[in-house]
Amino acid sequence: MFKLLLIAEPAEEIVAHLSLWFELTVLIDSSRVLKILNEQQFDVLLYQLTHMNSKVLWLLNQILCYQPNLPIVILSETNDQNGTLKVIQMGVQDWICSSELNFPILKNRLWYAIERKHSQLMLWETYNTLERLFRKRMQENQHLTQKLQQEIQRRHSIEEALLTNRLFMENLISALQDGLVLINQHGMMLRVNPRFCTMVDYREEELIGLLPPFPYWSEQLQETGGNNFQNENFQGGEYLFKRKNGELFPALVSPGKMRDSQNNHLYFYLIKDLTEQKAIEQEAIQYREHLEELVLQRTRALERANQQLIEATLERQRAEASDRQHLQTLTHASRISMMGEMATEIAHELNQPLTAIRVYSEACLHLLTLNKSDDIAQALQEITQEAQRASGIIRDMRRLARNDDIQRSKIHVNELIQGIAHLIEMEAQWHEVPLRLRLALKLPWVFVNSLLIEQVIFNLARNAIEAMDAIPKRKRMLTIETTYNAIENSIETAIIDTGPGLSTQAIEQAFKSFFTTKPSGVGLGLSICQSIIKNHQGRLWALANTHHGTTFYFNLPIVSEREVIEENDNG
């Protein structure tokens with residue numbers, strides 16, 4: 001079983017499937033990857049990314065420098081072509097977009113990455129071996145050529161000395177690593193060295209004094225090249241020679257000429273046995289053909305796997321369509337079950353806009369006695385807005401019960417807070433609590449139902465205001481702030497109070513239905529708020545402040561323009 005190092009915060013489903021096929025090691029903290037690689041050996045590394053940045057590129061470069069033979073596969077949430085090109089050029093084996101992912105594909109892509117890396121290493125080793133052999137032969141040839149050229153020059157310069165010093169010539173000829181044949185201008189063989197005798201398996205006395213055709217000539221050489229050996233323009237070349245037992249072997253012939261003491265032409269030939277070199281070349285050709293056959297087989301296997309992948313994809317699409325229908329049925333049943341819990345909260349939520357309508361109506365009656373028409377018009381406008389707000393709450397509750405989709409739109413969280421700030425401030429003034437807004441600038445968009453998120457913000461703010469009734473007025477302060485969370489790619493909203501705070505046990509129980517710390521509470525407000533945030537793919541939680549009070553947080557994911565369009569189309 002291959003060993004896989006997974007760098008991610010993976011879902012349990014991914015871990016469960018990968019564990020079936022690999023000996024899996026999960027590393028959440030990517031900064032520890034070099035330490036892990038130093039301690040263990042892995043067959044493949046799977047790196048799950050949310051987005052490409054310089055830190056990721058630096059880490060990939062470090063891994064490839066540290067273990068250049070480790071196959072790396074990137075699992076990304078986006079199909080980033082520029083990012084893909086960069087990491088592939090660096091040496092990463094594969095890039096997989098999680099939107100196109102299923103587990104059989106992931107398994108196959110990881111296995112293919114391992115096999116590709118092994119094939120590359122094998123090809124590289126073969127290439128290095130052939131290159132070393134080639135360089136070795138080139139060096140040998142260069143060395144022999146240089147040696148031959150030096151010897152020819154030396155023979156021309158000391159021609160008389162070579163002829164008169166037979167012992168020196170014998171030693172020189174015997175020391176040659178290639179075969180040597182010396183013939184006169186009539187073609188008679190005058191001298192051969194021991195290396196040549198070993199090469200053709202003839203004794204020296206069997207060859208000396210012979211005239212062409214020589215017994216070591218092959219039939220091909222006799223028909224095509226034998227007479228050329230005594231030609232003034234003969235440049236040498238590769239020919240087939242024959243051993244005494246009839247075995248043929250290739251040889252490289254390099255010609256030269258000289259004069260004897262009587263100024264007669266003598267011809268000598270250096271003959272190099274190419275049997276070993278040809279065997280190496282033939283082995284290289286066979287190995288290359290074998291590799292080509294393996295590549296062809298792998299290509300056919302990939303084509304079959306691709307066809308199976310297409311069939312599996314079609315089957316998965318049919319299964320997903322069935323699952324979506326089933327999910328809609330379950331969602332409707334879940335919404336109906338929530339209605340019982342939300343019945344009490346509806347009265348609680350409607351109490352605020354209805355109270356505001358009553359207050360503004362009384363203000364209108366009072367202003368009528370004072371004959372202030374402008375103020376009356378403003379109060380009537382506020383009554384209309386609060387009535388519309390109450391109507392919106394009822395409308396969304398009816399949609400939820402009828403299994404209708406809750407309408408969502410693209411908006412800034414800051415706009416939602418500023419839109420209900422006057423209601424929160426009105427509630428805060430009744431409890432003598434100052435309100436402070438700390439809203440981050442240039443926040444990205446979110447895609448939400450504005451009315452439901454406003455209800456979450458108002459409920460959390462009202463709970464915070466009521467929690468500060470038990471402390472002195474000078475210590476009261478309600479703060480609402482927004483920030484961008486780059487790690488989770490979301491907008492985070494915090495409602496901070498300076499009240500007596502909640503115990504650790506109360507914070508753990510706060511979001512459970514029917515749990516409350518208020519004497520007259522029903523314990524459904526926070527539970528419903530949590531359901532709304534979860535329905536928007538967000539998270540709601542609470543933490544105790546360092547000094548006094550409690551902070552309730554919720555985050556909402558950032559949605560791109562493309563996802564907004566797809567959501568509207570699906571709706």
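Numbering of residues begins at 1 and proceeds along the displayed sequence. Bear in mind the structure is a predicted one, so any value in this text is a computation, not a measurement.
- Sorted by first then second residue, the salt bridge (Lys or Arg N to Asp or Glu O under 4.0 Å) pairs that include residues 412-425, not counting sequence neighbours, number zero.
- Among residues two or more places apart in sequence or in another chain, the side chain to side chain donor-acceptor pair (under 3.5 Å) test is passed with Glu481 by Arg438.
- Gln41 CD: 12 or fewer foreign heavy atoms inside a 6.0 Å radius.
- In terms of the ring-ring contact (aromatic ring centres under 6.0 Å, His included) criterion, residue partners of His412 (sequence neighbours excluded) are, by chain and number, Trp445.
- Nearest heavy-atom pair across Ile532 and Val456 is CG2-CG2, 3.8 Å.
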### Task
List the steps, then state whether side-chain contact (heavy atoms from CB on, under 4.5 Å) holds for Phe42 with Val44.
CA-CA 6 Å; Phe42 295 91; Val44 65; over 6 Å; no

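- With His536 contributing its side chain and Asn449 its backbone, the two residues share a donor-acceptor pair below 3.5 Å.
- Between Ile411 and Ser450, the shortest heavy-atom contact is CD1-OG, 3.7 Å.
- Listed by chain and residue number, Arg298 satisfy the salt bridge (charged side-chain N to carboxylate O under 4.0 Å, His left out) test with Glu115 (two or more places apart in sequence, or in another chain).
- With sequence neighbours left out, the side chain to side chain donor-acceptor pair (under 3.5 Å) criterion links Glu488 to Arg539, Asn555.
- A heavy-atom distance below 4.5 Å is not found between the side chains of Leu110 and Tyr112.
- Going from atom SG of Cys529 over to atom CD of Gln455 covers 8.5 Å, rounded to the nearest 0.5 Å.
- The CG atom of Leu502 sits 5.5 Å away from atom CD1 of Ile507, with the distance rounded to the nearest 0.5 Å.
- For Tyr553, the ring-ring contact (aromatic ring centres under 6.0 Å, His included) test picks out Trp541, with sequence neighbours left out.
- Thr498 places a side-chain N or O within 3.5 Å of a backbone atom of Met477 that can act as its donor or acceptor partner.
- Scanning all heavy atoms of the two residues, the minimum distance from Gly499 to Ile471 falls at CA-CD1, 4.0 Å.
- With sequence neighbours left out, the side chain to side chain donor-acceptor pair (under 3.5 Å) criterion links Glu39 to Lys35.
- In this structure, the side chain of Arg476 engages the main chain of Met468 through a donor-acceptor pair within 3.5 Å.
- Note that OG1 of Thr483 is 10.5 Å distant from CG of Leu439, once rounded to the nearest 0.5 Å.
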### Query
Given Leu526 and Asn463, is the side-chain contact (heavy atoms from CB on, under 4.5 Å) satisfied, shown in steps?
CA-CA 9 Å; Leu526 289 178; Asn463 288 345; 3.9 Å; yes

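- Note that CD of Glu454 is 8.5 Å distant from CG of Leu423, once rounded to the nearest 0.5 Å.
- For Glu508, there are no salt bridge (charged side-chain N to carboxylate O under 4.0 Å, His left out) partners, not counting sequence neighbours.
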### Task
Apply the test side-chain contact (heavy atoms from CB on, under 4.5 Å) to residues Phe2 and Trp111: give CA-CA distance (whole Å), side-chain angles for both, the deciding distance (0.1 Å), then the verdict.
CA-CA 9 Å; Phe2 291 121; Trp111 282 358; 3.8 Å; yes

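- Listed by chain and number, the residues in a salt bridge (charged side-chain N to carboxylate O under 4.0 Å, His left out) with Lys473 are Glu432 (sequence neighbours excluded).
- Contact of the Leu46 side chain with the Ile74 side chain is not registered, since no non-hydrogen atoms from C-beta on lie closer than 4.5 Å.
- When every heavy atom of Val446 is checked against every heavy atom of Pro557, the shortest pair comes out as CG1-O, 3.8 Å.
- Closest of all the heavy-atom pairs between Ile558 and Pro444 is CD1-CG, 3.5 Å.
- By the 6.0 Å and 45° rule, Lys410 does not stack over the aromatic ring of Phe447.
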### Message
Go through it in stages, so that I can follow the logic: the residues are Val33 and Leu27, the test is side-chain contact (heavy atoms from CB on, under 4.5 Å), and I'd like the CA-CA distance, side-chain angles, deciding distance and then a yes or no.
### Response
CA-CA 7 Å; Val33 63; Leu27 184 60; 3.8 Å; yes

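- At a threshold of 4.0 Å, the pair Arg318-Glu315 counts as salt-bridged, since one of the basic side-chain nitrogens sits closer than that to a carboxylate oxygen.
- Atom-to-atom distance recorded for Arg462:CZ and Glu466:CD is 6.5 Å, nearest 0.5 angstrom.
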In a table with atom names and distances, give each donor-acceptor pair under 3.5 Å that connects a side chain of residues 489-496 to protein atoms at least two apart or in another chain.
from, atom 1, to, atom 2, distance (Å)
Asn489, OD1, Tyr484, OH, 3.0
Glu492, OE1, Asn485, ND2, 3.4

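- To the nearest 0.5 angstrom, Ile310 atom CD1 is 5.0 Å from Gln307 atom CD.
- Side chain of Asn545 to backbone of His547: no donor-acceptor contact under 3.5 angstrom is found.
- Considering only residues two or more places apart in sequence or on other chains, Asn414 meets the side chain to side chain donor-acceptor pair (under 3.5 Å) condition with Thr482.
- Looking at heavy atoms from C-beta onward, Leu435 lies out of side-chain contact with Thr479 at the 4.5 angstrom threshold.
- Screening residues 43-63 for salt bridge (Lys or Arg N to Asp or Glu O under 4.0 Å), with sequence neighbours left out, gives no hits.
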